[in-house]
Participant: 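Okay, here's the structure, questions in a sec.
Only heavy atoms go into these numbers, but all of them, side chains included; no hydrogens, no water, no symmetry mates. Start at 1 and go down the list; that is how both ligands and their atoms are numbered.
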Amino acid sequence: MAEPDVLARLREMQRSDVPVQGGRTLAYVYDSGLTEVDRIGRAAVAAYAGSNGLDPTAFPSLLTMENDLVGFACRLLEAPPSAVGTVTSGGTESVLLAVQGARDSRPDIERPRMILPTTAHAAFHKAAHYFGVEPVLVPVGADFRADPEAMARAIDADTVLVVASAPSYAHGVVDPVTPIAAAALASGVRCHVDACIGGWILPYAARLGRPVHPWTFAVEGVTSISVDLHKYAYAPKGTSLLLHRTPELRRPQFFASAAWPGYTMLNPTMQSTKSGGPLAGAWAVVQTIGDEGYVELTRRVLEGVDRLLAGLEEIPALRVVARPDSTLIALASNGSCDIFTITDAMTSAGWYVQPQLSYDGQPPTIHLSLSAATTDHLDEFLVALAAAVEAAVTAGPISIDPDIVAFVQGLDAATLSDADFDGLLAAIGMAGDGGVGLPESMAEINALLDLAAPALREALLTAFLDRLTRPKRL
Ligand SMILES: *Cc1c(COP(=O)(O)O)cnc(C)c1O
């Protein structure tokens, strides 16, 4: 294909994706609404797409950018002069490295454990799986915040890490970091604050005079913090930061190997060869927006949250699950309408809002990550949401064939076979000659998954992804 055709084809394919600009996508993407900032960020990504972050002596400009970004974050996170940090590829990598470092700081512990509030991000479960650290889940309070006394009681001689969120993704509330970090410190255990999504908002919220629960390095006992640049720093995808209070705390994160005849491998992150693009993109965006720009963007988005909360009062069928501490809102139904019908109706209306399945006795919810770019369209959003709710009330509960319900309820996650899954696909009309494709509507599928226990959801979705990702041979 010639160049114009290739690029035209890419743009054509991209039309099937949710838009990353325009403020109509309220999960996955974070849009400053500043066209010029986006342009500069993308130009920086392109300029550094071929550079390799593997070796800072060959690419010193990447080292400069990394130290600049960590320095910027040190100020935001009230880090002491001893603090150090690393740019990673995303929040999950920051969390993985925090857990790996905690584990490897205690080689004397045979069966390491970490204390997580039940609301901690799934990335910690991934870390548990990868690194063999047992997650000890502690129920949160009625306000969805971690329970510091229960977490303190859960710490034992095998504990290598205690975790708090600032804020939690699913409910948008900041955990009581002060007593959690104090309990960790008293036991000589590391305490990681996962501020992947709130870390670039909360400091500016505090500067704007809004009440913010203490959560930064100013809190004694906090040993590391993760903050994503590709969320509310509005950088292109592919960057997060992991900061440690001291170089000693970071040391186990570094991996070196001279045990082969090639170059000595020396990596602070999970990747070895890594594109300089995301780092350059983040650096360019942070330089361009700057402190004053982030204050303004945060003011806009938090005022947007206030207006959204006020507007939601006019939609009595939806309930705000927890008063948000930042930019994340979870909405539950009062029972008159189905959450998954609403999320589909919003998709049809050109808005992406994210369904969250029922969990731990709590009903399903709609997740909204508000971006600065959405604040210009809030009235339009509320009209669309009210219409989607109205349509869902009219449509009534999602009805699933009782035979299919019985079939799903009879499945066992531990033994789910290909035949079981193919049977299910056939029963719900998703098995076709051309293989499995993406469903037209998600409501029934979400309703079906919602009936399944978490382990079965994992097994079903894994089987589905396996079917989706099959090569197309030309
Ligand atoms: C988004 C998020 C993560 C994971 O980040 P990715 O960039 O998606 O890998 C971890 N923790 C919290 C609280 C998050 O919001």
Side-chain angles (χ1 to χ4, degrees), residues 18 20 25-31 69 73 77 85-102 114 116-131 135 137 140 144-146 161-175 177 180 191-203 205 212-213 215-216 222 224-243 269-271 274-275 277-279 281-282 285 301 322 324-330 352-354 356 359 365 367-371:
V18 295
V20 301
T25 306
L26 284 86
Y28 303 126
V29 303
Y30 305 83
D31 183 2
L69 282 170
L77 308 186
T86 310
V87 174
T88 71
S89 64
T92 299
E93 189 179 17
S94 293
V95 166
L96 289 172
L97 291 171
V99 174
Q100 175 263 323
M114 61 178 158
L116 306 178
T118 47
T119 49
H121 195 278
F124 290 95
H125 296 276
K126 185 173 186 176
H129 176 67
Y130 278 15
F131 301 127
L137 288 176
V140 296
F144 300 100
R145 294 179 208 278
L161 185 66
V162 175
V163 170
S165 308
S168 62
Y169 183 90
H171 303 102
V173 296
V174 175
D175 287 332
V177 174
I180 293 170
C191 175
H192 180 79
V193 176
D194 181 8
C196 276
I197 198 157
W200 223 262
I201 287 282
L202 295 172
V212 175
H213 301 270
W215 63 278
T216 63
V222 171
S224 58
I225 300 180
S226 49
V227 189
D228 291 352
L229 295 166
H230 63 197
K231 286 178 181 156
Y232 284 100
Y234 297 112
K237 287 288 180 260
T239 48
S240 168
L241 289 164
L242 174 60
L243 269 70
T269 61
M270 306 195 68
Q271 290 177 301
K274 56 182 174 188
S275 171
L279 170 57
V285 165
V301 74
D325 285 334
S326 65
T327 52
L328 315 179
I329 301 173
Y352 183 83
V353 297
Q354 192 176 48
Q356 299 187 130
Y359 183 76
T365 52
H367 169 98
L368 309 177
S369 284
L370 204 65
S371 280

Participant: Going by the angle between their ring planes, with limits at 30° and 60°, are Tyr169 and His121 parallel, tilted or perpendicular?
Facilitator: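 Tyr169 and His121: perpendicular rings.
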Participant: Testing Asp228, Val227, Leu328, Leu202 for side chain to side chain contact (heavy atoms under 4.5 Å, CB included) with Ile197, which one passes?
Facilitator: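 That would be Leu328.
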Participant: Do we see a donor-acceptor contact under 3.5 Å between the side chains of Asp194 and Ser165?
Facilitator: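 Ser165 and Asp194 do not have a side-chain donor-acceptor pair below 3.5 Å.
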Participant: Out of all atoms in ligand 1, which are within 4.0 Å of some heavy atom of Ile197? Include the element for each.
Facilitator: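 Here the atoms of ligand 1 in question are 15 (O).
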Participant: Which residue holds the protein heavy atom closest to atom 14 (C) of ligand 1, what is that atom called, and what is the gap in Å?
Facilitator: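 Nearest protein contact, heavy atoms only, for atom 14 (C) of ligand 1 is Lys231 NZ, 2.9 Å.
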Participant: Can you name the residues that form a side-chain contact (heavy atoms from CB on, under 4.5 Å) with Ala164, not counting sequence neighbours?
Facilitator: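 Partners of Ala164 under the side-chain contact (heavy atoms from CB on, under 4.5 Å) test: Asp175, Val177, Ile180.
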Participant: Go through ligand 1 atom by atom and flag the ones less than 4.0 Å from a non-hydrogen atom of Cys196.
Facilitator: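 Counting from 1, the qualifying ligand atoms are 2 (C), 3 (C), 10 (C), 11 (N), 12 (C), 14 (C).
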Participant: How about Leu77 and Trp215: do any of their side-chain heavy atoms sit closer than 4.5 Å?
Facilitator: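 With C-beta onward as the side chain, the pair touches.
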Participant: Counting from 1, what ligand 1 atoms have a heavy atom of Asp194 closer than 4.0 Å?
Facilitator: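 Per the distance check, 10 (C), 11 (N), 12 (C), 13 (C).
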Participant: Show the atoms of ligand 1 that are less than 4.0 angstrom away from any heavy atom in Gly91.
Facilitator: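 That gives atoms 4 (C), 5 (O), 6 (P), 7 (O), 9 (O) of ligand 1.
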Participant: Any side-chain donor paired with an acceptor under 3.5 Å for Gln354 and Tyr28?
Facilitator: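 The answer is yes; a qualifying pair exists.
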Participant: Just distances here: any N/O of Thr92 and N/O of ligand 1 closer than 3.5 Å?
Facilitator: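 By distance alone, the answer is yes.
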Participant: So if I count the atoms of ligand 1 from 1 in the order they appear, which ones are less than 4.0 Å from some heavy atom of Asp228?
Facilitator: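 Under 4.0 Å from Asp228, ligand 1 has these atoms: 1 (C), 5 (O), 7 (O).
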Participant: I'd like to know whether ligand 1 has Glu93 as a neighbour, heavy-atom separation below 4.0 Å.
Facilitator: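 Contact absent.
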Participant: Please work out which of the three classes, parallel, tilted or perpendicular, describes the rings of Tyr232 and Tyr30, given edges at 30° and 60°.
Facilitator: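 Plane angle over 60°, so perpendicular.
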Participant: Checking contacts here: is it the side chain or the backbone of Ala123 that comes within 4.0 Å of ligand 1, counting heavy atoms only? Could be both or neither.
Facilitator: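 Contact part for Ala123 vs ligand 1: neither.
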